[in-house]
**Student:** 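Okay, handing you the structure first.
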Number of protein chains: 2
Amino acid sequence: MPTQLELAMNIMIRIFHQYSCKEGDSFKLDKGELKMLLQRELTKFLLCQKKPQLVDKIMQDLDANKDNEVDFNEFVVMVAALTVACNDYFVEQLKKKGK
Amino acid sequence: MPTQLELAMNIMIRIFHQYSCKEGDSFKLDKGELKMLLQRELTKFLLCQKKPQLVDKIMQDLDANKDNEVDFNEFVVMVAALTVACNDYFVEQLKKKGK
């Protein structure tokens with residue numbers, strides 16, 4: 001029985017491969033696969049955090065690479081950056097409440 | 001209803017605060033809190049990956065900072081690094097099987 005944190009790590013690996021295997025290199029996301037992943041797996045969360053422009057920023061950054069591919073390392077860095085942004089928002093709200 | 005990836009992000013935030021609030025700065029992990037988190041939340045996963053020395057390496061790196069505190073950003077980077085290591089192992093196994 002995995003712990004909650006182990007479950008979170010398993011999910012990141014599973015979700016990446018669920019989309020990366022759709023076409024082309026099975027171990028990388030092309031732009032279409034990445035866009036589909038973002039739209040299907042992160043939309044609600046980003047809306048909830050009131051920072052939907054974050055996805056546009058990520059897409060722009062990936063465009064700058066010009067290889068149109070995202071490996072697992074880059075994907076995890078993206079998820080980490082989004083999670084930090086969400087945590088910052090959460091902590092800000094907690095501090096406003098004086099906790 | 002959150003997606004699986006949103007759930008993973010929520011877990012990372014929740015687990016961090018579950019341990020960081022135990023003593024001292026509520027928004028940072030001291031060494032005791034970090035060690036407890038690693039032992040309780042990641043042991044099985046690391047054993048499964050046959051790379052238990054990874055935790056020692058992380059602890060050493062954190063010691064080098066000498067402030068004995070880990071903020072959320074550093075925690076997420078650590079989880080990301082562990083997840084990449086696990087994914088590398090997973091992909092290696094898949095490639096060996098010729099998939």
Side-chain angles (χ1 to χ4, degrees), chain A residues 1-21 25-28 34 36-49 54-55 71-95 97-99, chain B residues 1-21 25-28 34 36-49 54-55 71-95 97-99:
Chain A
M1 187 72 180
T3 66
Q4 285 285 294
L5 192 55
E6 289 164 356
L7 176 68
M9 293 164 73
N10 279 329
I11 289 172
M12 286 188 275
I13 293 173
R14 192 161 38 76
I15 291 288
F16 178 85
H17 292 284
Q18 185 179 320
Y19 289 86
S20 72
C21 73
D25 188 331
S26 296
F27 301 106
K28 290 184 178 178
L34 175 71
M36 196 187 292
L37 187 157
L38 293 173
Q39 286 174 337
R40 293 190 185 171
E41 306 296 336
L42 285 170
T43 314
K44 287 179 203 162
F45 193 82
L46 289 167
L47 283 176
C48 168
Q49 297 301 322
L54 225 47
V55 174
D71 62 22
F72 185 75
N73 207 332
E74 291 168 323
F75 168 72
V76 168
V77 168
M78 182 190 77
V79 174
L82 288 173
T83 310
V84 166
C86 294
N87 180 69
D88 287 348
Y89 179 79
F90 169 68
V91 168
E92 195 184 309
Q93 296 305 309
L94 272 184
K95 285 186 174 172
K97 286 180 188 168
K99 276 196 177 180
Chain B
M1 186 72 178
T3 65
Q4 286 284 295
L5 191 55
E6 289 163 356
L7 176 67
M9 294 164 73
N10 280 327
I11 288 172
M12 286 189 275
I13 293 173
R14 192 160 39 76
I15 292 287
F16 178 86
H17 292 284
Q18 186 181 318
Y19 288 86
S20 71
C21 73
D25 188 332
S26 297
F27 300 106
K28 289 183 178 177
L34 175 71
M36 195 186 294
L37 187 157
L38 292 173
Q39 285 174 337
R40 293 191 185 172
E41 306 296 335
L42 284 170
T43 313
K44 286 179 204 164
F45 194 82
L46 289 168
L47 283 176
C48 169
Q49 297 302 319
L54 225 47
V55 174
D71 62 22
F72 186 75
N73 208 331
E74 291 168 324
F75 168 72
V76 168
V77 168
M78 181 190 77
V79 174
L82 289 173
T83 310
V84 166
C86 294
N87 180 69
D88 287 348
Y89 179 81
F90 170 69
V91 168
E92 195 185 308
Q93 296 304 309
L94 272 183
K95 285 184 175 173
K97 287 180 188 166
K99 273 195 175 177

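Sequence lines set the chain letters: A, B, ... in the order given, protein chains first and strands last, and positions in each chain run from 1. Here the structure is a predicted model, which is why all the values come from computation and not from measurement.
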**Student:** Give, for atom CE of M12(B) and atom CG of N87(A), the distance between the pair rounded to the nearest 0.5 Å.
**Tutor:** 10.5 Å

**Student:** So, applying side-chain contact (heavy atoms from CB on, under 4.5 Å) with L5(A), which one of L82(B), L37(B), L38(B) is it?
**Tutor:** L37(B)

**Student:** Going from OH on Y89(A) to CD1 on I13(B), what distance comes out if it is rounded to the nearest 0.5 angstrom?
**Tutor:** 12.0 Å

**Student:** If you look at every heavy atom in T3(A) and E41(B), which pair is closest and at what distance?
**Tutor:** OG1-O, 2.6 Å

**Student:** Looking only at non-hydrogen atoms, find the nearest pair between F72(B) and V84(A) and report the distance.
**Tutor:** CE2-CA, 3.9 Å

**Student:** Looking only at heavy atoms, what is the nearest atom pair of Q4(A) and I11(B), with distance?
**Tutor:** O-CG2, 3.4 Å

**Student:** If the condition is side chain to side chain donor-acceptor pair (under 3.5 Å), which residues does R40(A) pass it with, not counting sequence neighbours?
**Tutor:** none

**Student:** Answer with side chain, backbone, both or neither: which region of F16(B) has an atom nearer than 4.5 Å to a non-hydrogen atom of chain A?
**Tutor:** neither

